[in-house]
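See structure below.
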Amino acid sequence: MKRYDLIVIGAGPAGLSAAIEAASKGLKVVVFDENDRPGGQLFKQIHKFFGSKEHKAKIRGFRIGQQLLEEADKAGVEVVLGAVVEGLYLDKEITVKIGETLYHYKGDAIIAATGASENMVTFPGWTLPGVIGAGAAQTMMNLHGVKPGNKVLMLGTGNVGLVVSFQLLQSGCEVAALVDAAPRIGGYGVHAAKVARTGVPFFLSHTIVKAEGTNCVTGVTIAQVDDHFQFIPGTEKHFDVDTICLAVGLSPMSQLLKMAGCQMEDNPARGGQVPICDENGQTSVPGIFVAGDVSGIEEASSAMIEGRIAGLAAAEYLGYAEKSEVSKEKAVMEGQLESLRQGMFAPGNKGKKIEQTQEGIPVSENLLTRGFVADDEIMRFPGVTKKAGVHPVMECTQNIPCNPCQDACPKGCISIGSHITALPAVNESAQCIGCGMCVAACSGQAIFLVDEQIGGGFASVTLPYEFLPLPKAGDKGAALGRGGQKVCDAQVISVKTAKAFDKTALLTIKVPSEMAMQARFFKKEVAGDE
C-alpha cells in the first residue's frame with residue numbers, strides 16, 4: 001500500500017488547484033482522475049471566463065486548464081489518469097482501478113473534487129439516439145471535433161444551455177430554439193443576448209412533450225405549461241430536429257463521501273446530496289476535505305478558489321503550514337470567492353425575480369423572457385450612450401461579477417468602480433481611440449464600438465465575432481438587431497485579428513447612421529438569398 005501526504009480525487013479545476021496549493025507547502029500530493037486527460041470540464045470550455053484578473057477573467061477555459069497543468073507539474077504534483085477511485089474509506093484509504101488492476105493507497109488527508117454529473121429529464125422518446133446532455137455535446141464539439149447534430153433544440157436556459165447553444169452555432173449546427181419550463185431565462189443575460197442576436201428564438205414557460213422518431217430523433221414537440229407546469233392544450237409546437245440537448249442542471253457526485261461516512265444533507269440550493277463541511281471544506285470526517293461542485297454547484301472560477309482553500313486547509317491539518325500564515329492567505333481567497341458570489345446571480349438570490357439593478361435601473365423584462373434587451377429599453381443603462389466620434393457601447397445590463405473591460409481600455413473610457421458587480425459606465429471625459437481591446441476582452445461579447453457618423457449618411461459598428469470562416473472586407477450582407485431580425489443592409493469595412501484578442505475577431509460593418517444603435521450582428525449574403 002502506497003502512502004501520500006495528500007490524495008486528491010479529481011483533476012478538474014478544483015482538484016488541480018487544491019493539489020498545487022498543497023504541494024507549494026511541501027506536501028507529497030497525488031491526483032487520481034478517471035479520464036484520459038486532466039483538466040476536467042476546463043478543456044471543453046472554449047468561452048472566456050467572467051470575474052476579475054484574480055479569477056482569470058477574459059481567459060478561455062481550456063487555456064486556464066493548460067495553466068493549471070503547468071503549475072501542477074512545476075509543483076511536483078503526481079497526476080494519475082485512467083484511474084477510477086472505487087472506494088473511499090473512513091481511515092482515508094482508497095481503492096483505485098487502473099486498467100484491470102485494483103490498487104490500494106492511503107493518504108494522511110484526502111480532498112474530494114469529484115465534480116458533478118448532468119441531470120436528465122424523461123419524456124416520451126427520451127431514450128432515442130439524438131437525445132444527449134449539453135455537456136456531452138460540448139465534449140463532442142470541443143474535445144473531439146464532432147458535430148452533435150445538424151439541427152438542435154436546447155432544453156434549458158441556464159448558463160450551460162446558453163453557452164453550449166452558442167458553441168453549437170459556432171460548430172456549424174442550426175439551433176432551432178431554446179426552451180425552458182421556467183418563465184424567465186436562468187443564465188446571464190449577456191449569454192442569452194449573443195444567442196438571440198443570431199436569430200435563435202426562446203420559448204419560456206414551455207417544455208418538451210415528446211421526442212419523435214423510430215431509430216433516432218427526427219423531430220420534437222413542445223408545449224406551453226401553466227403555473228403548475230402542466231401542459232396547456234392547443235399550445236403545441238413542432239420542430240424538425242435531429243438532436244435534442246438537455247441542460248437541466250447538475251448533481252454533485254458525492255457517493256464516495258457518503259461511503260467514507262461523511263455526514264450528508266439533501267440541499268436543493270447546492271444541487272442535491274452534499275457533504276456537510278466547514279468554511280475550509282473539511283467534512284465531518286477529520287482530514288477529508290471537499291472542493292468544487294461536489295460540495296455545491298457553482299462556476300469553475302469558484303471551484304478553483306475553493307480548491308486552493310482546501311489545499312491550504314489540508315496543509316495546516318497536516319502541520320505543513322502555520323495557522324497564522326494560512327489565515328492570512330485564506331482571507332485573500334475568501335475575499336475573491338465572496339466577490340464571485342455577489343450580484344443578481346448570487347446564491348442568496350436563486351429563484352428570486354430581481355426587479356432593479358443595484359443602480360436602481362429597472363431590469364429588462366424583454367431580456368428575461370426573450371433573451372435580448374429591447375430597443376426602447378437599452379438607452380437606460382449607463383454603458384449605452386450616443387456621442388460624436390467612435391465610442392464604446394456596453395450592453396451589459398445585469399449585475400454580474402465581471403470587470404475586465406475596465407482594465408482593457410488604455411484610455412480609461414470604461415468605468416466599473418470598486419464593486420465588481422457594478423454596471424459598466426462610459427467615462428465622458430475620456431477619448432476612445434477605437435483600439436477594440438474592450439470589445440475583445442468582454443467575456444459576454446456585450447461591447448461594441450460605434451461611430452454614428454462616418455460620412456455619407458453611414459455609421460460604423462465594430463462587433464465581436466467568433467464564427468468561421470471570417471467575413472472579408474467588402475463582403476455584403478444583413479445587419480441583425482438584438483433579436484436576430486434584419487434591420488438593414490450592411491457591408492464589412494474591416495476584420496481585425498490579433499494575439500491580444502485571443503481568437504475574438506473585430507468585425508467592423510457599415511450601416512445607415514440611424515441603425516448604429518440597433519445593428520448588432522452580421523450575416524453574410526449567400527448566393528440565392530433574397
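The chain is numbered in sequence order, starting from 1.
- Under the side chain to side chain donor-acceptor pair (under 3.5 Å) rule, N142 has a single partner from H47, K44, Q167, which is Q167.
- For the residue pair K48/T504, the side-chain donor-acceptor check at 3.5 Å is satisfied.
- Between the side chains of N280 and Y317, no donor N or O sits under 3.5 Å from an acceptor N or O.
- Taking CD1 of I110 as the reference point, atom CD1 of I288 lies at 6.5 Å (rounded to 0.5 Å).
- In this structure, D278 contributes its side chain and G281 its backbone to a donor-acceptor pair below 3.5 Å.
- In this structure the side chain of V29 never reaches within 4.5 angstrom of the side chain of D5, judged on heavy atoms.
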side-chain contact (heavy atoms from CB on, under 4.5 Å) between E329 and K25, worked out: CA-CA 12 Å; E329 292 183 47; K25 300 300 182 185; 2.7 Å; yes

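- In terms of heavy-atom proximity, P404 sits nearest to A441 at CG-O, 4.0 Å.
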Check against side chain to side chain donor-acceptor pair (under 3.5 Å), T421 and N399: CA-CA 5 Å; T421 60; N399 300 121; 5.2 Å; no

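- Side chains of D293 and Q41: a donor-acceptor N/O pair is absent below 3.5 angstrom, by distance only.
- Between L340 and I305 the shortest side-chain heavy-atom distance falls below 4.5 Å.
- With rounding to the nearest 0.5 Å, the separation of CE in M120 from OG in S251 is 12.0 Å.
- By the 6.0 Å and 45° rule, K28 stacks over the aromatic ring of Y4.
- Looking at N349, its side chain does come within 3.5 Å of a backbone N or O of G343 through a donor-acceptor pair.
- Heavy-atom minimum distance, Y320 versus G26: CE2-O, 3.5 Å.
- Residues Y105 and F32 place their aromatic rings such that the two centres sit under 6.0 Å apart.
- The CG atom of L68 lies 4.5 Å from the OG atom of S17; values are rounded to the nearest 0.5 Å.
- To the nearest 0.5 Å, atoms CG (L470) and CG (L506) are separated by 10.5 Å.
- Using modelled atom types, one finds no donor on one side chain facing an acceptor on the other under 3.5 Å when comparing K411 with N427.
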L42/F49 under side-chain contact (heavy atoms from CB on, under 4.5 Å): CA gap, chis, key distance, verdict: CA-CA 10 Å; L42 288 174; F49 273 37; 3.7 Å; yes

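- E299 and S301 share no donor-acceptor pair across their side chains, judged by distance under 3.5 Å alone.
- No side-chain heavy atom of L246 sits under 4.5 Å from any side-chain heavy atom of W126.
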Derivation and outcome, side chain to side chain donor-acceptor pair (under 3.5 Å), residues E466 and Q445: CA-CA 10 Å; E466 293 188 356; Q445 297 189 22; 3.1 Å; yes

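- Closest non-hydrogen pair, K194 versus T198, comes out as O-CG2, 3.4 Å.
- Judged by distance alone, with hydrogens and angles left aside, the side-chain atoms of D180 form a donor-acceptor pair with the main-chain N or O of T157 at under 3.5 Å.
- Looking at heavy atoms from C-beta onward, H104 lies out of side-chain contact with K2 at the 4.5 angstrom threshold.
- Annotation for E322: atom CD does not count as buried by contact number, only 12 or fewer foreign heavy atoms lying within 6.0 Å.
- The pair D91-K106 does not count as a salt bridge, with every side-chain nitrogen at least 4.0 angstrom from each carboxylate oxygen.
- One distance of note links CD1 of I447 with CG of L463; it measures 13.0 Å at 0.5 Å rounding.
- A donor-acceptor pair is defined here as one N or O able to donate and one able to accept, closer than 3.5 Å; such a pair exists between the side chain of E118 and the backbone of A134.
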Test side-chain contact (heavy atoms from CB on, under 4.5 Å) applied to M394 and V426, step by step: CA-CA 8 Å; M394 289 89 70; V426 175; 3.9 Å; yes

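- Annotation: Q431, atom CD; neighbour count of heavy atoms from other residues, nucleotides and ligands within 6.0 Å does not exceed 12.
- Of all heavy-atom pairs between C435 and F501, the closest is O-CZ, 4.0 Å.
- Counting heavy atoms from C-beta outward, I416 and C405 have side chains that approach closer than 4.5 Å.
- Under the 3.5 Å distance criterion, the side-chain polar atoms of E21 are left unmatched by any main-chain donor or acceptor of G307.
- Nearest approach of G371 to A196, heavy atoms of both residues: O-CB, 3.6 Å.
- Under the 3.5 Å distance criterion, the side-chain polar atoms of E359 are matched with a main-chain donor or acceptor of L423.
- The distance between the ring centers of F50 and H191 falls below 6.0 angstrom.
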Test side-chain contact (heavy atoms from CB on, under 4.5 Å) applied to T462 and L507, step by step: CA-CA 5 Å; T462 300; L507 180 67; over 6 Å; no

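- Not a single donor-acceptor pair under 3.5 Å links the side chain of N35 to the backbone N or O of R37.
- Atom NZ of K258 has 12 or fewer neighbouring heavy atoms from other residues, nucleotides or ligands inside a 6.0 Å radius.
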Verdict with supporting geometry, Q336 and H55, side chain to side chain donor-acceptor pair (under 3.5 Å): CA-CA 8 Å; Q336 295 172 355; H55 309 125; 5.3 Å; no

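- Atom CG of N159 and atom CD1 of I185 lie 11.0 Å apart (nearest 0.5 Å).
- One finds a salt bridge joining R341 and E306 here, because a Lys/Arg side-chain nitrogen approaches an Asp/Glu carboxylate oxygen to under 4.0 Å.
- The main-chain N or O of Q45 is never found under 3.5 Å from a side-chain atom of Q138 such that the two would form a donor-acceptor pair.
- Under 4.0 Å is where a charged nitrogen must lie from a carboxylate oxygen, and between D502 and K58 no such pair does.
- Between the side chain of S254 and the backbone N or O of Q273, at least one donor-acceptor pair lies under 3.5 Å.
- V80 places none of its side-chain heavy atoms less than 4.5 Å from the side chain of V31.
- P464 has its side chain within reach of F448: a pair of non-hydrogen atoms, C-beta onward, lies under 4.5 Å apart.
- Formation of a donor-acceptor pair under 3.5 Å by the S284 side chain with backbone atoms of Q263 is found in this model.
- Using a 4.5 Å cut-off on side-chain heavy atoms (C-beta onward), T357 and T397 make no contact.
- In terms of heavy atoms, F43 sits closest to G65 at CZ-C, 3.5 Å.
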